[in-house]
Amino acid sequence: MLNINNLHVKLEEEDKVILKGVNLNIGPGEVHAIMGPNGSGKSTLSYVLSGRDGYEVTDGSASLEGAELLEMEPEERAAAGLFLAFQYPVEIPGVGNMTFLRTALNAQRKARGEEELSAGDFLKLVREKAKTLKIDADMLKRPVNVGFSGGEKKRNEILQMAVLEPKMCILDETDSGLDVDAMKLVSDGVNALRDGKRSFLVITHYQRLLDHIKPDVVHIMAAGRIIKTGGPELALEVENNGYADLLAEVQ
Amino acid sequence: MAALDAQSAELEVREGVDRETIETVNAMAGKYKYGWETEIETEYAPKGLSEDIVRLISEKNGEPQWMLDWRLAAYERWLKMEEPRWAMLNYPEIDYQDQYYYAKPKSMDVKPKSLDEVDPKLLATYAKLGIPLKEQALLAGVEAPEGERRVAVDAVFDSVSVGTTFKAELAKAGVIFCSISEAVREHPELVQKYLGSVVPQSDNFFATLNSAVFSDGSFVYIPPGTKCPMELSTYFRINAENTGQFERTLIIADKGAYVSYLEGCTAPKRDTNQLHAAVVEIVILEDAEVKYSTVQNWYPGDENGKGGIYNFVTKRADCRGDRAKVMWTQVETGSAITWKYPSCILRGNDSQGEFYSIAIANNAQQADTGTKMIHLGKRTKSRIVSKGISAGRAQNTYRGLVSMHPKATDSRNYTQCDSLLIGDKCGAHTVPYIEVKNNSSRVEHEATTSKVDDDQLFYCRSRGMDEEEAVALVVNGFCREVLQALPMEFAMEAQSLVAISLEGSVG
Ligand SMILES: Nc1ncnc2c1ncn2[C@@H]1O[C@H](COP(=O)(O)OP(=O)(O)O)[C@@H](O)[C@H]1O
Ligand SMILES: [Mg+2]
């Protein structure tokens, strides 16, 4: 599904290298987790994959179902099936959440040569998805992320994911700032989308989330590289011992 | 569940509005949609301005002596006046002798008795503009909703009114809706009483010029206690080359009356600048209410600032009676130069004025626009919401005056003035003037300036929207409060206009 090969990334404006040769292969239906200390480049990786400005790829490649990702515009990547649940979802004053979602969905459908969804069908779809995430009509009506609590913002990201039905979902610290109940809602939302074909890359600091969303593979990222890859037990190890031992091991 | 359904229904409506925007943007890809010209034989008054021209215009309109005298007095005055240059606008000297002051399609020589007799070329022009001159249709682009809403139209083409719809039906309600030239002939008592009573002849250079040479425009009178049975609108089309348009609109809402009035305007694409100097006067008596909405879409000139309309407009409402209310809503997307300050004189006690504005300046456009709220009566209230958007190399200035006179005790004003910049070669300026001459009144002013945020655009794009869609969405969000103040018909048009006017402003 997603293949990242020797990816090197620096900041466009400064001579700061952030990713120093990332390799990652996620097969269809697989759930991978990336853990790692703050500043190790996890968000940068997710931004570069989804096409945000400000980064320069100096080496390596990334592809989604064989299609070169790095050549595409952000909206083309979205239409191709890539989705990023932002660590810090962005507020858009004055734009209703529903309007935003419908514009996004129809833009993707159009880009894929599919028919646009009518207002009625769209409403039905959103209501159904919103219900499982306990998102009420009021939240759908409010401007995108404006005045949302931390938990509401994250649930809203998952709602977008559920409506857009991407093939490859990247979740960047979707669990941070969530209380136990919200974490359960979000994980249930994610698990409901696991259908054996859709793949996930879950970036997190905590084992907690991985109790709910069981990963197939866990990677540890530090200083712009994946320094260790293992099974779910690797997450437990981090939870118990922290990163210090792992970092020392590598050095 | 019922409550939820009701909410969703409302959602869908707004939803539709936004869809329209996006679709229109995509379909039209940034072309000024109304830039074509109608090939029609046109009769001009000789070029330039003189007493003879003023007399000729008056004669063409079949005016009585008092009207001619009024014009001539204005002309005399105008000769001694100087063009104001205090606005933040940069344009070459206007040669007032190098243009025509009167142009009318030959086929309008004999005034058509009904719309059926109007020259098919003119009817086709309005059809192409999406303005229905048939009596059952709505403004273009809107499907007839349940309990369909109708809009009466006065269509002004260059210097003449081509026709006015629904006149008979409106007359049944006692509403007079006709061209101003017709009103001068048919309702002289009303015109004499109110013309120039809100915007006096001497008001300013452009208003004085208009008083001398105005050719046509609309006249509205709503009798006491009457809610106008439908929305009224005037559509101004400039077609003739090198010709100024000077329309004059007079609206009178008698005691307890209500009317919602819409104004639209477009012009062909031309390399030369054209002058438009209109005057709108609104008289609002006790307990009456007028809503005046404009979507101004004059040709803005090309990317390099060649051509476009010079728009110098004086609009003013006088809340003459107690509890009178006025609401101005304007979406200014066109014109090379915009000089326009729709104002409210809050004379009656407890009267209210509101001003909602979106002014977009892209490429080389310049806009200097805002409002004046003159509080004279006790407990008067005003509210100003201004959204200025600048892109390209455009300059956009909000200029507003809030004045609380000594007798306007316990009055309130709230002003919110937001500017949005797209790119780094454009400018936004806010020039508020505030005068408070009593101790019990309160004036609040809030102003913000922001840039279209890259994070917002990236967020939208990461969800599948292309850059144009993303900008349209973010900007429409920025303007939301004003768009919502517009009647439904206009809200859609305005939303798509917002997007289209910004075409090419990013990337
Ligand atoms: N736009 C940027 N400007 C400056 N520094 C940046 C930028 N983006 C990322 N960085 C830096 O790159 C490193 C990796 O950041 P990030 O990818 O956010 O890490 P993580 O998500 O793993 O905490 C950090 O040192 C961060 O400060
Ligand atoms: Mg991060």
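By convention in this document, chain letters (A, B, ...) are assigned in the order of the sequence lines, proteins followed by strands, and residues within each chain are numbered from 1. Only heavy atoms go into these numbers, but all of them, side chains included; no hydrogens, no water, no symmetry mates. The shown structure was predicted, so the numbers you read here are calculated from the model rather than taken from an experiment.
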Item to check | Qualifying residues under side-chain hydrogen bond (donor to acceptor under 3.5 Å, both in side chains), relative to A:Gln87, sequence neighbours excluded | outcome: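 Here the qualifying residues are A:Ser43, A:Glu173.
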
What's the separation between atom [atom1] in [X] and atom [atom2] in [Y], rounded to the nearest 0.5 Å?
| X | Y | atom1 | atom2 | answer |
| --- | --- | --- | --- | --- |
| B:Glu469 | A:Asn106 | CD | CG | 9.5 Å |
| A:Ile92 | B:Leu457 | CD1 | CG | 8.5 Å |
| B:Ser462 | A:Leu49 | OG | CG | 12.5 Å |

Checklist entry - Do B:Met465 and A:Glu75 pass the side chain to side chain contact (heavy atoms under 4.5 Å, CB included) test, and can you show the C-alpha distance, the side-chain angles, and the key distance before you say yes or no? => result CA-CA 6 Å; B:Met465 297 170 219; A:Glu75 60 271 24; 5.8 Å; no

Next on the checklist: Please determine whether side chain to side chain contact (heavy atoms under 4.5 Å, CB included) holds for the pair B:Asp454 and A:Asp53, giving the CA-CA distance in whole Å, both sets of side-chain angles, and the decisive distance to 0.1 Å.
Outcome noted: CA-CA 9 Å; B:Asp454 287 342; A:Asp53 282 341; over 6 Å; no

Item to check | Whether over 12 other heavy atoms sit under 6.0 Å from A:Glu115 CD | outcome: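 Atom CD in A:Glu115 is not packed in, count stays at 12 or less.
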
Checklist entry - Side chains of B:Tyr459 and A:Asn145: do they bring a donor and an acceptor to under 3.5 Å? => result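 Yes, side-chain donor-acceptor contact under 3.5 Å.
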
Item to check | chain B contact via A:Glu76 - side chain, backbone, both or neither, heavy atoms under 4.5 Å | outcome: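 Answer is neither: A:Glu76 stays 4.5 Å or more from chain B.
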
Checklist entry - Is the closest basic N to carboxylate O distance between A:Arg52 and B:Asp455 below 4.0 Å? => result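 Salt bridge present between A:Arg52 and B:Asp455.
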
Next on the checklist: Quick check against the 3.5 Å criterion: does A:Gln108 have a side-chain atom that pairs as donor or acceptor with the backbone of B:Arg463?
Outcome noted: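 Pair found, side chain donor or acceptor close to backbone of B:Arg463.
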
Item to check | B:Phe478 versus chain A, the contacting section by heavy-atom distance below 4.5 Å | outcome: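 The backbone, not the side chain.
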
Checklist entry - Would you say B:Leu473 and A:Thr103 make side-chain contact, with heavy atoms under 4.5 Å? => result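 A side-chain contact exists here, since the closest heavy-atom pair is under 4.5 Å.
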
